[in-house]
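Input: a single structure, listed below in structure tokens.
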Amino acid sequence: MNLIIITSSFPRDKDDYKARWILELGQEFVKEGLIPSILCPHVAGSKTYEIIDGIEVYRFRYAPDRYESLGYGNFLPHEKSSSRIGILLQYFFNSILIFSMLFFMFLNLHKLRKKKNAELIFSNWAFPAGFVSAVYRQISGIPSVLKVYGTDLVFLKRFRLQSLAKYILDKHDAIIAISEYTKDCALSFGVDPGRVSVFPVGSNYPIKYSSTVLDDLKRKWSLSGRPLIFTVHRLIPLKGTSYLIKAMSKIVSVHPDALLVIGGEGPERSMLESLTSSNHLEHNVLFTGLVLNEDLPLLYEACDVYVIPSITDKWGNAEGLGMPALEAMSYGKPVVGFDSGGPGLTITDGANGFKVPEKDWEAMADRIILLLTDPVLRNKIGETGKSMFDEYRWDKVSHLYTEVLHNAIQR
């Protein structure tokens, strides 16, 4: 069966970590006998067509290079600016771009569907891709499955677009939510619960390297011999990084050599670096910037504790699942996080990690201190998380996706 995977975010090249789970799911579809083609927005520096790991990727143009900025985690303006005036200006500019993106996404979807004689559309995020596939489903009759992540549905609700959200959800033959939290978001629009399946994102972790390679990474960033706390995410308000830095001010009072490694880039970086300096934590916090694919497994392996400090931001967005925390579990690492969104459901307190009240950085610090101080507890919780991770492996969940796609074709 030929199918088109349509998405607003996708790896910009073969080494990019951005939305890599969509590429990995495409690889799993190939193993299941499906033939996927990816349709996603072009972004400066990327190719309009390439083959990544045997999967054809088509990136459509919708503006001059410098203005093609809506995809790849940049759609929501509040991720770039904390001022309301800045947000309004960005929304005004984005409102112009979004019409162009929607038009060219629809046009290229139609062209690609004809070219590949595709039998099904698999859409990621309710907006913009889900909206395009919903309209295309209504016009063409081609079966379509939608995967929702949470922030996309919160976005529609925030702008009082409940009717649009219900239209998008109703026009797809099936809906896949990445967590129970995300399913609840979908059900809040009046969707029939029987049409919503909950499947995790999926992962190929753990990826193992030799001890020599791990030692090289530790030397690269001077990690050896220090209690290591790791987190990786886009540096935006939703991710709650500032609360983790505040927690470090308490952690170092007990573990003065503890090191927090923050992987990722984003508009909050300069503010977070200033917060680090004001708390005199330069010796205890390391900003790595974007983490290379080959380095990410090594950082999971090297750390003692993984932290996912995501919060519910002022717009109502919360983390849909928090895949990096699950990947850390695959290495037997205990996870500490706030009781918010998907991670609040994924972390079983005292079993695979600890969850604390949202934004309570002192309680977060206490749990991290406990894990750094007690290696027996740390290993016990880590092993529990490692065993629980099995249900998130692609070889366990990919056939669930495939079954939904086949059922959509048969309706």
Is it true that atom NZ of Lys380 has more than 12 heavy atoms of other residues, nucleotides or ligands lying nearer than 6.0 Å?
no
Please determine if Arg234 and Glu268 form a salt bridge, counting it only when a charged side-chain N lies under 4.0 Å from a carboxylate O.
no
Would you please indicate if the ring centroids of Phe99 and Phe103 are separated by under 6.0 Å?
no
Return each pair, listed once, that meets salt bridge (Lys or Arg N to Asp or Glu O under 4.0 Å) where at least one residue sits in residues 367-377; pairs must be two or more places apart or across chains.
none
For ring-ring contact (aromatic ring centres under 6.0 Å, His included), just list the numbers for Phe104 and Phe60, CA-CA rounded to whole Å, side-chain angles, deciding distance to a tenth of an Å, and then say yes or no.
CA-CA 7 Å; Phe104 285 105; Phe60 64 89; 7.6 Å; no
When you look at OH of Tyr209, are more than 12 heavy atoms from neighbouring residues, nucleotides or ligands closer to it than 6.0 Å?
yes
Does the side-chain contact (heavy atoms from CB on, under 4.5 Å) test come out yes or no for Met323 and Ser203, once each step is laid out?
CA-CA 8 Å; Met323 201 63 207; Ser203 176; 3.3 Å; yes
I'd like to know whether Glu362 forms a salt bridge (Lys or Arg N to Asp or Glu O under 4.0 Å) with Lys246, so could you lay out the CA-CA distance, the side-chain angles of the two residues, the decisive distance to 0.1 Å, and finally the verdict.
CA-CA 8 Å; Glu362 291 187 290; Lys246 291 176 183 177; over 6 Å; no
Considering all heavy atoms of both residues, which atom of Ser133 and which atom of Ser144 are nearest to each other, and what is their separation?
CB-OG, 3.6 Å
Has the side chain of Ser123 got a donor or acceptor atom that lies under 3.5 Å from a matching backbone atom of Ala129?
yes
Less than 4.0 angstrom from a charged side-chain N to a carboxylate O is my criterion; do Asp173 and Arg195 meet it?
no
Could you tell me if the side chain of Ile229 sits less than 4.5 Å from the side chain of Asp304, heavy atoms only?
no
Salt bridge (Lys or Arg N to Asp or Glu O under 4.0 Å): pairs with one or both residues in residues 21-31, sequence neighbours excluded
Glu28-Lys31
Can you check side chain to side chain donor-acceptor pair (under 3.5 Å) on Ser277 and Ser274, steps first, answer last?
CA-CA 5 Å; Ser277 297; Ser274 296; over 6 Å; no
Pairing residues for Arg61 by the salt bridge (charged side-chain N to carboxylate O under 4.0 Å, His left out) criterion, not counting sequence neighbours
Asp65, Glu68
Looking at Tyr331, does the NZ or CZ of Lys386 lie under 6.0 angstrom from its six-membered ring centre and within 45 degrees of the ring axis?
no
Taking side chain to side chain donor-acceptor pair (under 3.5 Å) as the definition, give me every residue that meets it alongside Tyr205, ordered by chain and number, with sequence neighbours left out.
none
Heavy-atom nearest pair, Lys333 first then Glu301, reads NZ-O, 3.0 Å
By salt bridge (charged side-chain N to carboxylate O under 4.0 Å, His left out), which residues pair with Glu180, not counting sequence neighbours?
none
Lys239 with Glu319: basic N within carboxylate O range, under 4.0 Å:
yes
On a heavy-atom basis, the closest approach of Ile262 and Leu235 is CG2-CD2, 3.8 Å
Can you list every pair that meets salt bridge (Lys or Arg N to Asp or Glu O under 4.0 Å) and has a residue in residues 210-224, with sequence neighbours left out?
Asp216-Arg219, Lys220-Asp295
